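These notes are about the structure you will find just below.
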Amino acid sequence: MADRFYPNLMPHFVAEDPNIEEGEIQRPISQGTNESLLKLLATPFHSLAEKLKRAALDLKETIVVETWGATRQQVSDSTLYTGALGTALLLFKSYQVTKNTNDLNLCSQIVKSCDSATLSSRDVTFICGRSGVCALGAVVAKYMGNDQLVNYYLSQFQEIKITKDVPDELLYGRVGFLWACLFINKHLGKGTIPSTLAGAVVAKVIENGKRLGGRGKSPLMYEWYGEMYWGSAHGIAGIMHLLMDFELKQDEVELVKGTLKYMIENKFPSGNYPASEEDKRDVLVHWCHGAPGISLTLVKAAEVFGENEFLKAAVDAADVVWNRGLLKRVGICHGISGNAYTFLSLYRLTGNAEYLYRAKAFACFLLDRAHKLISTGDMHRGDRPYSLFEGVGGMSYLFLDLVDPNNARFPAYEL
């Protein structure tokens, strides 16, 4: 099991050293050493944030070249997960941080190509489908002040059909469509996507969960390709995460709470969570399967329901991530970049500086060592190495989020 992650030898806390400031002449330290990592951990946050931002922007330029320039601006994969739309979202994030309109304009160009590539797509989600293209397109058009383009993408969004064979999970299913609705309404205004549209989808998700749930098990349960998954990408954690964003009836609230409590009661003795209902292997500590993604959902439950049980469970899951979450992978879905958001979500909720330090520590580990570990083959760079969810696109996004940790959100999952 330990071959999946690096032992976390970083101190539980390192105080900031005001003597380490940007621009000071210092004794040279070799990158990738314990000394270099400790220096980063002690760097005052405003200086570290600047280092992270510069690294993120440099990496963003490489990602654009590899995923857009090298393909001669042709889109073979239009998804946010591994394709061109992920590059577009990274550019939008960069624009939000730097206000560089060149990023916004290039983002719009990439979305336009993704739009052409997905006109006949039946995939409905934000991360892997048509709704992501239309939602991001509409939002970017709004920031550009192009009302005609906003209306085009919104009209295209309204044309998306959710057929009865669509599953309920996040990556390919109904709640992935719901996230696109929420993203549009956040940026364009409440009611842009009417509640009647989203409400019908929410009702169907709950109806399907009740049909498979109960009978002494989880009140709500879902199946994807024959597996009853628990995690954020394909399972009940991701579905509960989205349901909590909508106005639910009291009996529906109790179903969601009961489902989360069922998961807490049946976690592994280590504090980690199974990948699926029948899974007995305590090995995966990913956003997609295991403690990191489930912790994000539990943090949200603590915020929405105000029950300490959910906060305690989220903290316990975060301890698992600290101890076993320095994965030998770089990405957001199943890598160090995604696992860092476990601590950022707890920091936002609690204001506890310990969690900001932990997020900073994971980012410092990446800043100090990722490129070297990837080049030597000691860290998996992802099957699509420049993508948002599998590759270094996720690392760049995390670094940009740490410029303003109070507003950091796991992309396409947290709002």
Side-chain angles (χ1 to χ4, degrees), residues 75-89 92 107-144 146-209 222 224-225 232-234 238-239 241-247 388-389 411-415:
V75 173
S76 59
D77 179 348
S78 60
T79 68
L80 190 87
Y81 192 87
T82 53
L85 199 68
T87 300
L89 188 67
F92 181 58
C107 173
S108 181
Q109 292 177 36
I110 295 174
V111 173
K112 182 179 179 181
S113 291
C114 291
D115 174 47
S116 298
T118 59
L119 282 172
S120 60
S121 173
R122 298 182 62 194
D123 296 319
V124 302
T125 68
F126 190 89
I127 295 176
C128 291
R130 178 75 175 153
S131 74
V133 175
C134 298
L136 183 57
V139 169
V140 170
K142 182 221 172 182
Y143 280 84
M144 296 175 69
N146 189 333
D147 291 340
Q148 183 178 356
L149 196 56
V150 171
N151 292 332
Y152 166 77
Y153 281 119
L154 288 179
S155 67
Q156 288 293 302
F157 189 87
Q158 297 282 359
E159 294 295 318
I160 296 171
K161 305 297 182 187
I162 302 180
T163 57
K164 63 180 181 180
D165 60 334
V166 171
D168 295 297
E169 47 91 85
L170 182 73
L171 256 62
Y172 299 102
R174 289 182 175 86
V175 300
F177 173 80
L178 288 176
W179 202 90
C181 296
L182 293 168
F183 181 77
I184 289 172
N185 285 348
K186 175 183 177 179
H187 289 279
L188 271 65
K190 186 176 180 181
T192 303
I193 302 301
S195 59
T196 50
L197 174 60
V201 179
V202 168
K204 185 63 176 176
V205 170
I206 292 174
E207 176 190 331
N208 290 344
Y222 301 87
W224 190 71
Y225 281 95
S232 295
H234 303 298
I239 295 169
H241 196 278
L242 266 292
L243 290 179
M244 285 187 283
D245 274 307
F246 293 90
E247 188 173 336
L388 183 64
F389 268 67
Y413 195 60
E414 296 182 293
L415 278 169

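Heavy atoms only: backbone and side chains are in, while hydrogens, waters and symmetry mates are out. Worth saying up front: this structure is predicted, and the values here are computed from it rather than measured.
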Kindly compute the distance separating [atom1] ([X]) from [atom2] ([Y]), expressed to the nearest 0.5 Å.
X    : Y    : atom1 : atom2 : answer
I239 : M244 : CD1   : CE    : 12.0 Å
I160 : R122 : CD1   : CZ    : 13.5 Å
I184 : T192 : CD1   : OG1   : 8.0 Å

Donor-acceptor pair, distance only, cut-off 3.5 Å: does the side chain of [X] make one with the backbone of [Y]?
X    : Y    : answer
Y222 : V205 : yes
N151 : D147 : yes
T125 : L171 : yes
N185 : I193 : yes
K142 : H187 : yes
S131 : V124 : yes
T118 : S121 : no

Just so I know, are the side chains of [X] and [Y] near enough to count as touching, which here means a heavy-atom distance under 4.5 Å?
X    : Y    : result
C181 : F157 : yes
L89  : P411 : yes
L388 : T82  : no
T79  : F389 : no
Q156 : L119 : yes
I127 : L170 : yes

Are D115 and Y152 close enough that a side-chain donor and a side-chain acceptor fall under 3.5 Å?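 Checked: D115/Y152 side chains pair up, N/O donor to acceptor below 3.5 Å.
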
Applying ring pair (Phe, Tyr, Trp, His ring centres under 6.0 Å), can you list everything that pairs with H241, at least two apart in sequence or on another chain?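 H241 satisfies ring pair (Phe, Tyr, Trp, His ring centres under 6.0 Å) with Y413 only.
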
Over 60° means perpendicular and under 30° means parallel, so classify the ring planes of F92 and F183, tilted if in between.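 Answer is perpendicular, since the angle exceeds 60°.
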
Would F177 and Y172 count as a side-chain contact (heavy atoms from CB on, under 4.5 Å) here? Give the steps. CA-CA 8 Å; F177 173 80; Y172 299 102; over 6 Å; no

Carefully, step by step, assess N208 and R174 under the rule side-chain contact (heavy atoms from CB on, under 4.5 Å). CA-CA 11 Å; N208 290 344; R174 289 182 175 86; 3.5 Å; yes

What heavy-atom pair brings [X] and [Y] nearest, and what distance separates the two atoms?
X    : Y    : value
V75  : A117 : CG1-CB, 4.1 Å
E169 : W224 : CG-CD1, 3.6 Å
C107 : A88  : SG-O, 3.2 Å
C114 : A84  : SG-CB, 3.8 Å

Quick check: Y81 with F126 (ring centres under 6.0 Å apart)?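 Here the rings of Y81 and F126 have centres that are no less than 6.0 Å from each other.
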
Under the side-chain contact (heavy atoms from CB on, under 4.5 Å) criterion, do L188 and V150 qualify, and how do the steps go? CA-CA 9 Å; L188 271 65; V150 171; 3.8 Å; yes

Among residues at least two apart in sequence or on other chains, which ones pass salt bridge (Lys or Arg N to Asp or Glu O under 4.0 Å) with D77?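 In terms of salt bridge (Lys or Arg N to Asp or Glu O under 4.0 Å), with neighbours along the sequence ignored, D77 is linked to no residue.
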
For E207, I'd like to know if atom CD has over 12 heavy atoms of other residues, nucleotides or ligands within 6.0 Å.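 Yes, enclosed.
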
For S120, which residues count as a side-chain hydrogen bond (donor to acceptor under 3.5 Å, both in side chains) partner, sequence neighbours excluded?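 Scan of S120 (side-chain hydrogen bond (donor to acceptor under 3.5 Å, both in side chains), adjacent residues dropped) gives none.
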
For the pair R130 and D123, evaluate salt bridge (charged side-chain N to carboxylate O under 4.0 Å, His left out) and give the outcome as yes or no after the intermediate values. CA-CA 6 Å; R130 178 75 175 153; D123 296 319; over 6 Å; no

Would V202 and L242 count as a side-chain contact (heavy atoms from CB on, under 4.5 Å) here? Give the steps. CA-CA 9 Å; V202 168; L242 266 292; over 6 Å; no

With V111, the side-chain contact (heavy atoms from CB on, under 4.5 Å) member among V139, L136, L149: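 With V111 as partner, V139, L136, L149 yield a single side-chain contact (heavy atoms from CB on, under 4.5 Å), made by L136.
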
